[in-house]
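Shown next, in structure tokens, is the structure this report addresses.
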Amino acid sequence: MKPTYLTEEAISTFIAAAFAEDIGPGDYSSLSSIPEGKTGQAKLLIKDDGIIAGIELAEKIFKTFDPTLEVELLIKDGDEVNYGDIGLIVKGASASILSSERLVLNCMQRMSGIATLTHRLTKKILHTKARLMDTRKTTPNFRLMEKWAVLIGGGVNHRFALYDMVMLKDNHVDFAGGIPQAIERCNAYLKTNNLDLRIEIETRNLDEVKQVLAVGGVDQIMLDNMDYATMREAVGLIGNQYKTEASGGITEETLVDVAECGVDYISMGALTHSVNSLDISLKAF
């Protein structure tokens with residue numbers, strides 16, 4: 001099942017905006033050089049090993065630009081791919097294929113890079129209960145695709161945006177006057193405005209964890225930048241009362257140690273903000 005944010009309307013809106021940015025009034029390179037009515041075909045070449053993501057989106061991009069294009073998908077999102085594999089074949093108006101090419105590649109290269117990294121890191125913590133989770137550290141106007149790619153790679157989506165979940169971070173707590181005040185004001189606001197949203201609160205030490213447990217009224221507790229011993233103690237204090245999330249500077253080298261502390265989720269901004277794109281190209285044949 002696709003997440004609620006991944007609607008046909010949202011995907012269509014993204015594609016329309018991306019084409020407006022890239023093509024504007026016209027792809028004059030293709031229009032000026034290719035004879036009208038010329039048809040051809042091209043194949044999507046995979047030039048890296050990894051996890052493919054965005055293949056379903058690629059078909060939508062081609063068909064949005066020119067519904068007469070024929071797209072044959074040879075792999076599916078989430079498949080492991082190797083150098084030399086062919087992802088799809090597109091046939092039809094040559095100018096339409098070229099005008100769509102860059103948007104397809106830009107999306108697929110980045111999405112596949114994210115899915116590949118997510119998949120690799122997820123495999124490292126399969127022996128624990130922890131699940132790898134993304135953040136809001138995404139590319140403006142491309143969050144939809146980046147979070148989709150995390151899912152394809154086997155990760156979990158955190159909140160999509162500021163409106164679909166409450167996260168009380170350190171600055172919220174400090175500006176509110178403390179943990180009890182932040183939680184109480186938040187719950188009162190949600191009740192007054194008839195909002196049914198999950199609440200997560202960030203804690204920085206064991207004292208703050210104990211304050212949250214004393215107040216209650218949340219769904220998840222973030223353990224931010226804690227050392228392993230403190231994190232394990234925090235998990236023990238929380239028990240099964242709330243879900244726990246480890247966050248803050250977690251790297252591939254520290255991931256396993258964090259997972260073995262017993263947390264439910266590990267959030268890593270690097271899944272979307274520091275990823276290497278997969279090398280993919282489109283070649284006429």
Side-chain angles (χ1 to χ4, degrees), residues 1-3 5-6 44-58 73-88 107-139 142-160 200 220 222-229 231-232 234-235 243-280:
M1 177 183 293
K2 289 183 179 178
Y5 64 80
L6 202 58
L44 189 80
L45 296 178
I46 311 301
K47 301 162 75 173
D48 260 338
D49 299 339
I51 302 297
I52 203 70
I55 198 81
E56 181 181 335
L57 176 62
L73 303 183
L74 304 179
I75 54 178
K76 64 182 184 298
D77 285 325
D79 282 352
E80 290 193 32
V81 294
N82 301 107
Y83 184 97
D85 286 346
I86 299 175
L88 62 80
C107 291
M108 288 199 65
Q109 287 171 334
R110 182 156 182 82
M111 288 179 70
S112 297
I114 291 169
T116 298
L117 177 61
T118 303
H119 178 74
R120 185 175 80 238
L121 297 183
T122 294
K123 288 198 299 183
K124 290 178 176 287
I125 58 174
L126 289 177
H127 64 291
T128 73
K129 71 174 183 177
R131 299 292 305 278
L132 196 60
M133 179 181 277
D134 59 22
T135 70
R136 282 173 48 245
K137 295 177 182 178
T138 55
T139 308
F142 200 61
R143 179 177 297 174
L144 186 77
M145 306 313 165
E146 291 177 339
K147 283 187 170 281
W148 188 4
V150 168
L151 282 185
I152 291 170
V156 176
N157 289 152
H158 208 301
R159 59 177 176 170
F160 183 76
E200 179 174 6
Q220 190 160 304
M222 178 188 290
L223 310 176
D224 188 60
N225 281 300
M226 293 185 184
D227 59 50
Y228 304 139
M231 192 178 297
R232 283 192 291 270
V235 169
K243 293 293 185 181
T244 55
E245 174 193 339
S247 183
I250 298 166
T251 66
E252 185 165 356
E253 290 68 36
T254 62
L255 177 64
V256 172
D257 288 329
V258 172
E260 291 176 348
C261 288
V263 294
D264 296 294
Y265 301 105
I266 300 173
S267 58
M268 291 182 66
L271 292 181
T272 51
H273 73 59
S274 299
V275 68
N276 292 320
S277 295
L278 216 66
D279 192 359
I280 304 171

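Note: hydrogens, waters and symmetry copies are ignored here, and every other heavy atom, side chains too, is used. All residue numbers in this chain count up from 1 along the given sequence.
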Please identify each residue that fulfils side chain to side chain contact (heavy atoms under 4.5 Å, CB included) with Lys137, with sequence neighbours left out.
Thr135, His273
When rounded to the nearest 0.5 Å, the distance separating CG of Leu151 from CE of Met111 is 9.5 Å
Contact summary for Thr128 and Glu260, nearest pair of heavy atoms:
CG2-CG, 4.0 Å
Is it the case that more than 12 heavy atoms not belonging to Tyr228 sit under 6.0 Å from its OH atom?
yes
Could you tell me if the side chain of Glu252 sits less than 4.5 Å from the side chain of Lys124, heavy atoms only?
yes
Mind checking ring-ring contact (aromatic ring centres under 6.0 Å, His included) for Tyr5 and listing every partner two or more places apart, or none if nothing turns up?
Phe160
Please give me the minimum heavy-atom distance between Gly50 and Leu278, naming the atom from each residue.
CA-CD1, 4.3 Å
Sequence neighbours left out, what pairs pass salt bridge (Lys or Arg N to Asp or Glu O under 4.0 Å) with at least one residue falling in residues 47-56?
Lys2-Glu56
For Asp224, does its backbone N or O pair with a side-chain atom of Ser247 as donor and acceptor, under 3.5 Å?
no
Over all heavy atoms of both residues, which pair between Ile152 and Gly78 is shortest? Give the atoms and the distance, please.
CG2-N, 3.3 Å
Close side-chain approach of Ile55 to Leu44, heavy-atom, < 4.5 Å:
yes
Begin from the C-alpha positions of Met145 and Ile114 and carry the test side chain to side chain contact (heavy atoms under 4.5 Å, CB included) through to its verdict.
CA-CA 10 Å; Met145 306 313 165; Ile114 291 169; over 6 Å; no
Decide side chain to side chain contact (heavy atoms under 4.5 Å, CB included) for Leu144 and Leu6; before the verdict, give the C-alpha distance in whole Å, the side-chain angles of both, and the deciding distance to 0.1 Å.
CA-CA 7 Å; Leu144 186 77; Leu6 202 58; 3.9 Å; yes
Under 3.5 Å, is there a donor-acceptor pair between the side chain of Ser267 and the main chain of Asp134?
no
If you round to the nearest 0.5 Å, how far is CZ of Arg131 from OG1 of Thr122?
7.5 Å
Walk me through whether Met108 and Leu57 qualify under side chain to side chain contact (heavy atoms under 4.5 Å, CB included).
CA-CA 8 Å; Met108 288 199 65; Leu57 176 62; over 6 Å; no
Any Pro3 side-chain heavy atom under 4.5 Å of Trp148 side chain:
no
Is Arg159 paired with Glu200 through a side-chain N to carboxylate O contact shorter than 4.0 Å?
no
So do Leu74 and Asp85 actually touch side chain to side chain, heavy atoms under 4.5 Å?
no
Give the minimum heavy-atom separation between Ile125 and Ala130, together with the two atoms involved.
CD1-O, 3.6 Å
Short N-O contact, Lys129 and Asp264, less than 4.0 angstrom
yes
Between the CD1 atom in Ile86 and the CG atom in Leu73, the distance rounded to the nearest 0.5 Å is 13.5 Å
Would Asn276 and Thr116 count as a side chain to side chain contact (heavy atoms under 4.5 Å, CB included) if you check the C-alpha gap in whole Å, the side-chain angles of each, and the deciding distance to 0.1 Å?
CA-CA 9 Å; Asn276 292 320; Thr116 298; over 6 Å; no
Please check this pair: side chain of Glu245 against backbone of Tyr265, looking for a donor-acceptor N/O pair closer than 3.5 Å.
no
Nearest heavy-atom pair of Arg143 and Arg136: which atoms, and what distance?
NH2-O, 3.4 Å
By the definition side-chain hydrogen bond (donor to acceptor under 3.5 Å, both in side chains), identify the one residue from Thr139, Thr272, Asn157 that meets it with Glu146.
Thr139
Would the distance check show the side chain of Arg232 and the main-chain N or O of Asp227 forming a donor-acceptor pair, the cut-off being under 3.5 Å?
no
Thr118 versus Gly155, closest heavy-atom pair with distance
CG2-N, 3.5 Å
Could you check whether any side-chain N or O of Asp257 sits under 3.5 Å from a backbone N or O of Thr254, counting only pairs where one atom can act as donor and the other as acceptor?
no
CG on Leu255 to CG on Leu121, rounded to 0.5 Å
6.0 Å
Atom pair CG (Leu117) and CD1 (Ile51), whose distance is rounded to the nearest 0.5 Å:
11.5 Å
Would you find more than 12 non-hydrogen atoms of other residues, nucleotides or ligands less than 6.0 Å from Glu80 atom CD?
no
